[in-house]
Asks: 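Below is the structure I would like to discuss, written out as structure tokens.
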Amino acid sequence: MPRANEELEELLSEWAELLAVSGADAFRVRAYEKAARAIGGEAEDVRAFDDRAILAIPSVGKSMLARVREYLDTGTVQELEDLREAIPGGMRELLRIPGLGPKKAMLVHRELGVASIADLQTAIAGQKLRGVKGLGAKTEENLARNVANLRATGDRILLDAAMTTAEAVIASITEAVDVEAISFAGSLRRMRETIGDLDVLVASEDAGPVMEAFCAMPRVAEVIAHGTTKSSIRTRKGFQVDLRVVPADSWGAALIYFTGSKEHNIALRHRAIERGLKLSEWGLFEAESGSSIAARTEEEVYAALDLPWFPPTMRENTGEIEAAGAGTLPEPVTVEDLRGDLHSHTDMTDGVAPLERMVEAAAARGYEYYVITDHAEDLAMTGASREQMLDQRKKIARLQKKYPAMRLLHGSELNIGKDGGVDYDPEFLAGYDLLVASVHSLFRLSREETTARLIAAMENPNVHVVGHPMARLIGRREPIDCDFDAVCGAAVRTGTALEVNCFPDRLDLRDDLVRRAVERGVTLAIDTDSHAPRDLENVRYGVATAQRGWARAADVLNARPVEDVLAHVAAKRARA
DNA sequence: GCCGTTTTCGGCCCGACTGTTTTCAGTCG
């Protein structure tokens, strides 16, 4: 049984959006959003919670409890069903367009009958928006651009949504039937930042029951194909999942084939041909005799081609096969290499869980250190005052006694202003153990301004990590424009780490920039930027992104012991 | 709708920015 948390988060988020477009009190909308985030961010499955435990989740009160109970008992909430009836189905998707909030969405609905993104595109094409009072040509142009941006990611879904679905599918199948092996494959296994279709591969000698179990899953909305070796379904959320069943004897070859990438596979087949062999999803064979050389495991197949096993994240044919042949393929950083997390939030600012819960979750991962970096005062909406920060520092010191094996460090996520300045003053900043600084506004400055802005921030002796350096949001916001090589140069010169942010809608630095940074000797920090205990699990996505950029443990600040991290900070401060 | 060292009501969500407007509404972080 999959966790109920994600389902409830989705349900309450939808509820919040429907309330917003129906003109409900903004605080009420916010209460639903907060409850959704808090439940989704809860590390344990709420299905197993009693009422007291549910009420202990931040932002969940009696009202929310009743709804959670109704959902867990009946699979639905009547009040939400009624709200869905009352509001056109396409209104929610309109809210995904940046620059179009609940008010404008309702405005175009009321004035132009727009009830979906397709309707909006038609209205934009006909220049109808500029005729509506309160909107103008500029708004129309901006929305046109933002819709196009959204469409560029198309029907692809973010990594974590794909992973959640894939894990649930695998759980459903393994609960129903015995299989010899099962794995997701394709771009999800390679951990691409967005995923088109999900591929699930099963090794079994008896495909029939596997197919039956797959097509009978409760999350199936539509069976697209139901065959003997391949079936496809569409989930209720609209994701297509392809299932393939292969004999266990071909498992390794099939897993390579279906994991891809296509370019990696083509290169492997060329390599096979050079050796008088033939590679397919069924195995590696002698070209002439057709006798099998290897097929059962990925390792065997790669070894028979004189190659090491490649982490799926590195299978993009961007030089990995040549590098392996030359013995220069780096050993990429792994989740196990990470000793701590340098960027996390609590409910003192925009996190959803109290300090104690976040620290508990970090300790449960076995971290050697954990840095709390709540937002600083310049972020008007959420940033903490000096008094709050000092108070938090005392709480951390007290909490430290409970965790002898994990060093708790006090930091902050500073805001990088237009000219590269940050919050507070040097004296106050000197009181922190480590500081992250990030761009949170003014995303469309010129390349020159942005480059200068980032470099100025890095020259500050109290900026030790640049958080989500390109400030992009996948599918929603383009990265800021900068001279990345100049930024890398400054990072090396000033001893500043660049973050690989693990949030599934950020993954920033992106894989290709990681690779450029690593080539230029930049130190990275793989941080979850957690806002809830559950977010700590996102570390796998950041590590995958770093692997895709060929980063080694040696390139990563938080793969080092705490003494080295503190020495890194001290060294930068000493240069000032 | 949640919350409480200001505790069962009245705050919570502030400031920058954009675009549309002549003084402000909507959106975003």
Side-chain angles (χ1 to χ4, degrees), chain A residues 11-13 15-39 54-68 77 79-80 83 94-111 129-146 345 347-354 374-385 387-388 391 394-395 413-419 423 438-445 467-468 471-473 476-478 480 501 503 505-506 529 531:
Chain A
L11 180 138
L12 291 173
S13 299
W15 205 328
E17 288 176 358
L18 293 178
L19 283 171
V21 291
S22 65
D25 171 51
F27 293 113
R28 192 160 163 243
V29 174
R30 195 166 152 71
Y32 280 77
E33 286 169 356
K34 281 178 76 176
R37 285 179 62 206
I39 292 170
I54 292 173
L55 281 172
I57 300 171
S59 307
V60 176
K62 277 188 181 162
S63 250
M64 292 295 173
L65 169 65
R67 288 168 175 148
V68 169
V77 185
E79 211 181 320
L80 174 61
L83 201 53
L94 282 178
L95 299 182
R96 286 169 48 216
I97 303 166
L100 191 70
K103 295 282 163 49
K104 278 185 198 160
M106 270 325 265
L107 183 66
V108 294
H109 176 58
R110 213 169 45 236
E111 298 295 321
L129 263 59
R130 57 188 67 188
V132 176
K133 187 172 164 58
L135 306 177
K138 196 80 186 213
T139 302
E140 197 169 80
E141 285 163 24
N142 286 339
L143 288 178
R145 193 181 60 244
N146 293 340
H345 299 268
D347 62 359
M348 186 175 85
T349 57
D350 61 351
V352 293
D374 268 311
H375 288 290
E377 63 184 3
D378 284 0
L379 269 199
M381 172 184 167
T382 185
S385 68
E387 292 69 30
Q388 284 179 298
D391 185 52
K394 284 182 196 153
K395 281 171 76 180
E413 182 182 9
L414 307 173
N415 182 53
I416 300 177
K418 186 177 184 208
D419 298 318
D423 315 53
S438 318
V439 167
H440 297 105
S441 60
L442 299 168
F443 305 108
R444 298 182 70 188
L445 299 180
H468 43 78
R472 70 156 177 175
L473 292 174
R476 288 188 291 144
R477 187 167 70 218
E478 293 295 304
I480 54 178
N501 188 289
F503 244 87
D505 64 349
R506 289 194 183 273
D529 191 2
H531 287 67

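By convention in this document, chain letters (A, B, ...) are assigned in the order of the sequence lines, proteins followed by strands, and residues within each chain are numbered from 1. All values derive from a computational prediction rather than experimental measurement.
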Asks: C1' atom, B:dC12 versus B:dT6: distance in rounded Å?
Replies: 13 Å
Asks: Considering only atom C1', compute the distance from B:dT8 to B:dC3 and round it to an integer number of Å.
Replies: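 10 Å, rounded to whole Å.
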Asks: If I pick the C1' atom on B:dC17 and the same atom on B:dT21, what distance separates them, to the nearest angstrom?
Replies: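 Looking at atom C1' only, B:dT21 and B:dC17 are 15 Å apart.
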Asks: Give one of base, sugar-phosphate or nothing for A:Arg67, where a contact means two heavy atoms less than 4.0 Å apart.
Replies: sugar-phosphate
Asks: Does the ring of A:Phe27 meet both stacking tests against the six-membered base ring of B:dC12: centre distance under 5.5 Å and plane angle under 30°?
Replies: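 Yes; by the centre-distance and plane-angle rule, A:Phe27 counts as stacking on B:dC12.
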Asks: Of A:His440 and A:Ala35, whose closest DNA chain B nucleotide lies nearer the 5' terminus?
Replies: A:Ala35
Asks: Is the ring pair A:His440/A:His375 parallel, tilted or perpendicular, if the boundaries are 30 and 60 degrees?
Replies: perpendicular
Asks: What is the distance, rounded to the nearest whole Å, between atom CD of A:Glu33 and atom P of B:dC2?
Replies: 14 Å
Asks: Among the nucleotides B:dC28, B:dC2, B:dG29, which one has an atom lying closest to any side-chain atom of A:Ser59?
Replies: B:dC2
Asks: Regarding A:Arg130, tell me which of base, sugar-phosphate or nothing describes its non-hydrogen contacts under 4.0 Å with the strands shown.
Replies: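 Here A:Arg130 touches no strand at all.
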Asks: With rounding to the closest Å, how many angstrom separate the C1' atoms on B:dG10 and B:dC24?
Replies: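 Their C1' atoms lie roughly 27 Å apart.
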Asks: Expressed as a whole number of Å, how far does the C1' atom of B:dC2 sit from that of B:dT7?
Replies: 13 Å
Asks: Of the listed nucleotides (B:dG26, B:dG1, B:dG29), which one gets closest to any side-chain atom of A:Lys103?
Replies: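 For A:Lys103, the side-chain atoms sit closest to B:dG26.
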Asks: For atom P, what is the distance between B:dG19 and B:dT5, given to the nearest Å?
Replies: 43 Å
Asks: If you assign each of A:Leu55 and A:Ala105 to its closest nucleotide in DNA chain B, which residue comes earlier from the 5' end?
Replies: A:Leu55
Asks: Would a 4.5 Å heavy-atom cut-off, applied to side chains only, mark A:His468 and A:Phe503 as touching?
Replies: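 They are not in side-chain contact.
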Asks: Please state the C1' separation for the pair B:dT20 and B:dG26 - nearest whole angstrom.
Replies: 10 Å
Asks: Can a side chain N or O of A:Arg477 be found less than 4.0 Å away from OP1 or OP2 on B:dG29?
Replies: yes
Asks: Contact class for A:Val60 (heavy atom, under 4.0 Å): base, sugar-phosphate, or nothing?
Replies: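 It contacts sugar-phosphate atoms only.
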Asks: Side chain of A:Lys104 only, please: which of B:dG29, B:dT27, B:dC2 is the nearest?
Replies: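 From the listed options, B:dT27 comes nearest.
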Asks: Please write out each protein N/O paired with an N/O of nucleotides 17-20 of chain B under 3.5 Å, distance rounded to 0.1 Å.
Replies:
residue	atom	partner	partner atom	Å
B:dG19	OP1	A:Asn142	ND2	2.6
B:dG19	O3'	A:Thr139	OG1	3.0
B:dT20	OP1	A:Gly136	N	2.7
B:dT20	OP1	A:Gly136	O	3.1
B:dT20	OP1	A:Ala137	N	3.4
B:dT20	OP1	A:Lys138	N	3.3
B:dT20	OP1	A:Thr139	N	3.1
B:dT20	OP1	A:Thr139	OG1	3.0

Asks: As a test of your reading of the structure, name each stem of DNA chain B as range with range, where a stem is three or more consecutive Watson-Crick or G-U pairs at under 3.5 Å.
Replies: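 Expected stems, ordered by start: B:1-4 with B:9-12, B:14-19 with B:24-29.
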Asks: From C-beta outward on A:Ala26, which listed nucleotide comes closest to its side chain: B:dG1, B:dG29, B:dC13?
Replies: B:dC13
Asks: Say you pick atom C1' in B:dC9 and the same atom in B:dC28; how far apart are they, in whole Å?
Replies: 30 Å
